[in-house]
Amino acid sequence: MSKGIRIAIDLTALLPLKRGGTFTDCVGNPGTGKLEDDVLIKLLSVDPANYDDAPLEGIRRLMEKFTGEKIERGDLLDTSKIESIRMGTTVATNALLERKGEKCALITTKGFKDCLVIELTCAFSGNQSRPKIFDLAIRKPEVLYQQVVEIDERVTLEDYAEHPDREITDISKASDPDLVRGLSGEAVRILVRPSEDSIRKDLQRLYDEGFRSIAVCLMHSYTFSDHELLVGKIAGEIGFPHISLSSQLMPMIKFVPRATSAAADAYLTPEIKRYISGFENGFAGGLGRESVRKQGGKGARCEFMQSDGGLVDVSKFSGLRAILSGPAGGVVGYALTSYDPETNIPVIGFDMGGTSTDVSRYGSGRYEHVFETTTAGITIQSPQLDINTVAAGGGSRLFWRNGLFVVGPESAGAHPGPACYRKGGPLTVTDANLFLGRLLPEFFPKIFGKSEDEALDESASENLFKELTEEINKELCTREGNKPMSPEEVAYGFVKIANESMTRPIRSLTEAKGYDTSIHRLSTFGGAGGQHAVAIAESLGIRQILIHKYSSVLSAYGMALADVVHEVQEPSSAVFGKEQKASFVSRLDELKAKATGVLLGQGFDGGDIVHEEYLNMRYRGTESALMVVRPRKDEFGGEEYEFGKAFVRQHEQEFGFTLPNRDIMVDDIRVRGVGKSFRGLEKTVDQQLGAINPTPVDQSKRHSMKNVYFEGGRRETPLYRLSDLAVGEKVQGPAILADGTQTIVVTPGATALVIETHVVINLGDADEKQAGPRKISTRDVDPIMLSIFAHRFMAIAEQMGRALQKTSVSTNVKERLDYSCALFDEDGGLVANAPHLPVHLGSMSTCVRTQAAIWKGKLKRGDVLVSNHPEFGGTHLPDITVITPAFNGDKIIFYVASRAHHADIGGILPGSMPPHSRELYQEGAAIKSEKLVSEGHFDEERITELLLEEPAQYPGCSGTRCLADNINDLKAQVAANQKGINLISALIEDYGEDVVQFYMISIQNNAENSVRNLLKRVYKRFEGKELVAKEHMDDGSPICLKVEIDPEKGEAEFDFGGTGPEMYGNMNAPEAVTYSAIIYCLRCLISEDIPLNQGCLKPVHVKIPRHSFLSPSDGAAVVGGNVLTSQRITDVVLKAFKACAASQGDCNNLTFGYGGSQDGGGHVKGFGYYETIAGGSGAGPDWDGASGVHTHMTNTRITDAEVFERRYPVLLREFSIRKGSGGIGAHRGGDGVIRDIEFRIPVQVSILSERRVFHPYGMNGGREAECGLNLWIHGKDQRPINLGGKNTAAMKPGERIIVHTPGGGGYGEPDEERKVKNIQDPKHAWRGGSLASRLSTQETN
């Protein structure tokens, strides 16, 4: 046979010692390229009894098939008969998950050795925030390197972006040798040049200690790489075989993501090379382009799939770009087989396998990429397809918790796997589908049991469902009127909840980008996708589903279709405009030439090479950059390179607005060179559909009948073997279509049409649906419906949030997502709040209930209320709450509200958060209760008066400094509330008002029962003893708490009697803050996901002394109460419950800047900056405290070091762990941090902090932690001055502030035996694309 065999392989390698249930997929073609000649093979990824390497075994079997020759296992495979091998692999991902990569070291700039340790407290993007806000035990993933070497070198940027006059240094006129132009065009100042001798000495020591791989990331090396290149040169001379330079891997600004990326590359690439070397040893000839060139016909091309969806030659495959190697093939597969450029219908990819469910999107003929993602706790800065894990797949475990059906995120994994895998596994979604008849054992391979030769065990699934049903009924039947459930109802309930939990993030992913889910097709693949696709599509409003005939091996097939890609990228800092266009065109041409050279070297002809040209653009002063592709010439009147117009269009589509008078900045210039190998399908899906005349399926083709459970009960359902169905045949649901690799459930009302390449499922028309509301009983609570409504209510709050973000204009709302949206019952009780910002949880309901009482009987349809006053449920004045009632006739049936942080609302200082305010008026506009909208009319005149005119009447105060933004954001809040009302109205139309109201109350009752049960357990644990705690603020003011529990009712009284009086300062906390702290603590103590709503506080009675600093008068300043006193209240509550040692009890609020009205003079242009700084968390009975992390009531991010210096005139000297500041004990408290900032111009610096006098307490014999310390490095002699906890100072150029933050207390006597509980986050292996980024941003604002 002539050479021409083409092979594509998706290797889903299992983690060590985990066997069974995960497969390696192979697609082979004899060289014809025709679909009908393809051969598909699935084999176990790990089967040591039969073969050592699954891909080699798959290639051996395919070669036997195509050549007709017997090839013995172990024989070298003849590459002369192979044209190409294309592979995707999870080898890098598994090494990352298991921390089984190469021993490596990190080389970085002096002062930054701990930056990645601080980074790893966050699940996404790395910046001191914690991944799970309700976990007292903050568990961090391990760093990838074993040692850090600090290089005494330093550069910074000469100019700063926030300069009010936009001054830019002209390098061409500079004579200073330490002032150079960076790659981005920015002026770079060299402060310290590195010593070659010192570098050589440090690197030689590493080499002598056995290190062979290093990662190098120095400050600002994205634009000035000389120092990194010097380190790389010396390392090469010493003999390091692997050197990862961050400036070469990804020259993008952001120090921490670039450093973690370099570390990941140094950690993973040697592992990849080892695997490839072993793989190549299985062939008689060489692999890769170089082997083809040298060996002629004896070599075979070998390419690996990268995370960006492009192939790369085996010799250039690296760990950094291998993280999504396997899943990327699936995206390429559905994109190229499901999308038609003529009809331009976008596609949502739904990849549901055994251990994960991944979602992505493809539209406009281009892949959607993200450039910063997190996997296994490690942030990667590299182009990757936007793939988001939304669930644990068929292996998602099923739980009955607190009266709710819960699916995942825990997974049964490949071992033991679902219960039906015959390894003693738990109940999973797979078991539910099997028990309901939606999975067919006769079509599944017999690979289960001890000998891996048995079929799925239906009885195991059935028995466990019967046991679980008995447990559920035992609890249900204790409630009067509840009828018992059948095992089938329980199993189907879990399937419905699984679908709900997957639908929410799919909608979030799509709508967050400005797209309507209903205009898409759903392309489903993976072994479990076909069982859930119809239900998912129905929920999303999608009318058509595409399931490729290779859907179970689509990742491998996608690799067969993919193109070879080489990307090049450079940083920029220039404005885009007509004058600069030629410069950008020139730089793009240079990058295209580089990409072309690489692809020519891989054997592509010039005619097969195309380029995608991108500019990474944003408006000046904003943070959300968009990667804008070069528009076609015909898009904007025949003009070339109209990136600016394309950016404006894309910005409006994604964010809902434009900023016509703002400069458009270009952060990066990127070229994606593509060596084309995919020539297009013979016929697209739409061409096939247009040519087919559907005919009903011949009933004689029924394989059998199966008793399958659908809504309402089991139904006799025809089963068809896919291979028996002819093109054009149409199958009416209910039906099941199956073969040896996939099972497709066609529900009643849907139809399945077979075309050449796909099964196309069309959902029933809207008029086929039941007319009127669904008939659901409100006599007793259906736990399935309760779980569904919990998801629906939260989905409404989330969609309100997306509407608010899209229609707002301020950076705080649009980019930092500093808002909450919530749904309330008719009395103002919280039903659902998204996202879960601790300080908003209890306070928003206080605000809504207060306003509902004030306006009772006075509101009309179209009225909207506004309030921010602390006495009326506010937290601090910048958080403005907008409340809208929803009516049925004249009766209010529920409320919706949105709370957003406004950047300025007046007062004595810009930002409306002054560190030394004494009266509330100094903090800005205080709105007690006003109508913002009256019967549909937005009262702009009155809100202008409230925000602009009234605050300016007070001495030394200004009205709002950004009125236009205030009004636009308030209108966005009104629009978001209307979105919520429309969504709930649709829910009422679907289910009926009585049902929706019933489940609003029921979901609150569910949370109430969870808290009552907690309080009963606490009473039992402490044997009825009184729970008492007392803490002091740094000024000596006490916070006292006594908790008395009624064990019969499960109720508690939280009595703060004895708390100190109102302060003449801003540490006073509105009552709403105390309620928020209590609900936060109760949720932490329950330690399980429960609905967070008004029910949590129903069993709790709170007594706060009037005119104490926890219940101040209506004119008291409160800005510090929201950010600091809230932390100390949390300390006291957790101390009373003896939950854990104290955390830092602080936010360390630091502000600096200049400008504004000074000394009664005119307004001076300037800037302001605000940040909060992490500290140590407290240890507990089975955990150590975490270092360098935000705790409890705050979770804010900190600005990346390079971005910090680009935007402001500062030099970050050090950001490190404050070693030894945590309290010792059997479990150590976490350490605080040291943050050392030098100012390069005169600025006013203010610090607002706590725990500078009273130490964070230890518990059960654990020692207290170190207090914080704020130092001003003052004058030419650089003498340290203690600023105390709260102070402000005018600092000169060269002066510094050094903030030492408090640690966390220790737990247990130091000599006690440690009791460590190792719990891995079930989402540890989930792929974090743009959806994870958004969620992380919301939870860290």
Quick one: CG on Leu1134 to CG on Leu1041, what's the gap to the nearest 0.5 Å? 10.5 Å
Are the aromatic ring centres of Tyr999 and Tyr991 under 6.0 angstrom apart? no
If we ignore hydrogens and angles and just use 3.5 Å, is the side chain of Gln997 paired with the main-chain N or O of Ile893 as donor and acceptor? yes
Between CE on residue Met485 and CD1 on residue Ile784, distance to nearest 0.5 Å: 3.5 Å
Between Tyr1080 and His1192, how do the two ring planes meet: parallel, tilted or perpendicular, split at 30° and 60°? perpendicular
Are side-chain heavy atoms of Val429 and Leu398 found at a separation under 4.5 Å? yes
Residue pair Lys1138 / Phe1022, side-chain heavy-atom distance below 4.5 Å: yes
Side chain proximity check, Arg849 to Gln1094, heavy atoms < 4.5 angstrom: yes
Distance alone, cut at 3.5 Å: any donor-acceptor contact between the side chains of Ser1002 and Asn1005? no
Indicate yes or no for a side-chain donor-acceptor contact from Ser501 to the backbone of Ala498 under 3.5 Å, with no hydrogens or angles considered. yes
List the steps, then state whether side-chain contact (heavy atoms from CB on, under 4.5 Å) holds for Ile1001 with Asp825. CA-CA 8 Å; Ile1001 296 167; Asp825 63 25; 5.5 Å; no
Is the backbone of Ser843 close enough, under 3.5 Å, to the side chain of Ser1076 for a donor and an acceptor to pair up by distance? yes
Mutual orientation of the aromatic rings belonging to His1032 and Phe1254 [parallel < 30°, tilted 30-60°, perpendicular > 60°]: parallel
So Glu1309 and Arg1263, side-chain contact (heavy atoms from CB on, under 4.5 Å) or not? Walk me through it. CA-CA 8 Å; Glu1309 292 287 348; Arg1263 307 299 192 258; 3.1 Å; yes
Side chain to side chain contact (heavy atoms under 4.5 Å, CB included), paired with Pro1256, selected from Glu1250, Glu1264, Arg1251: Arg1251
Without swapping roles, check the side chain of Asn1260 against the backbone of Tyr1307 for a donor-acceptor pair under 3.5 Å. no
Do side-chain atoms of Thr1125 reach the backbone of Met1067 as a donor and acceptor pair under 3.5 angstrom? yes
Looking at side-chain heavy atoms only, is the closest gap between His1101 and Glu1051 below 4.5 Å? no
Donor-acceptor pair, side chain of Gln1144 and main chain of Asp1146, under 3.5 angstrom: yes
Any salt bridge linking Arg1128 with Glu1031? Criterion: basic side-chain nitrogen under 4.0 Å from a carboxylate oxygen. yes
Taking Ser396's backbone N and O only, do any of them form a donor-acceptor pair with Thr428's side chain (distance below 3.5 Å, no angle check)? no
Is there a donor-acceptor contact under 3.5 Å from the side chain of Lys466 to the main chain of Pro487? no
Measure the shortest side-chain to side-chain distance between Glu1071 and Arg1106 over non-hydrogen atoms and say whether it is less than 4.5 angstrom. yes
Hey, what's the ring geometry for Trp400 with Phe405, parallel, tilted or perpendicular (30° and 60° as the breaks)? perpendicular
State, with a plain yes or no, whether a side-chain heavy atom of Leu830 is found less than 4.5 Å away from one of Leu1097. no
Using the rule given for side-chain contact (heavy atoms from CB on, under 4.5 Å), can you reason through Ile497 versus Ile788, listing the C-alpha separation, both sets of side-chain angles and the distance that settles it, and then say yes or no? CA-CA 6 Å; Ile497 303 306; Ile788 287 173; 3.4 Å; yes
Counting C-beta onward and ignoring hydrogens, is there a side-chain heavy-atom pair between Ile1086 and Phe134 closer than 4.5 Å? no
Could you tell me whether a side-chain N or O of Asp431 sits under 3.5 Å from a main-chain N or O of Ala419, the two making a donor and an acceptor? yes
Backbone of Ser1143 reached by a side-chain donor or acceptor of Ser1177 within 3.5 Å: no
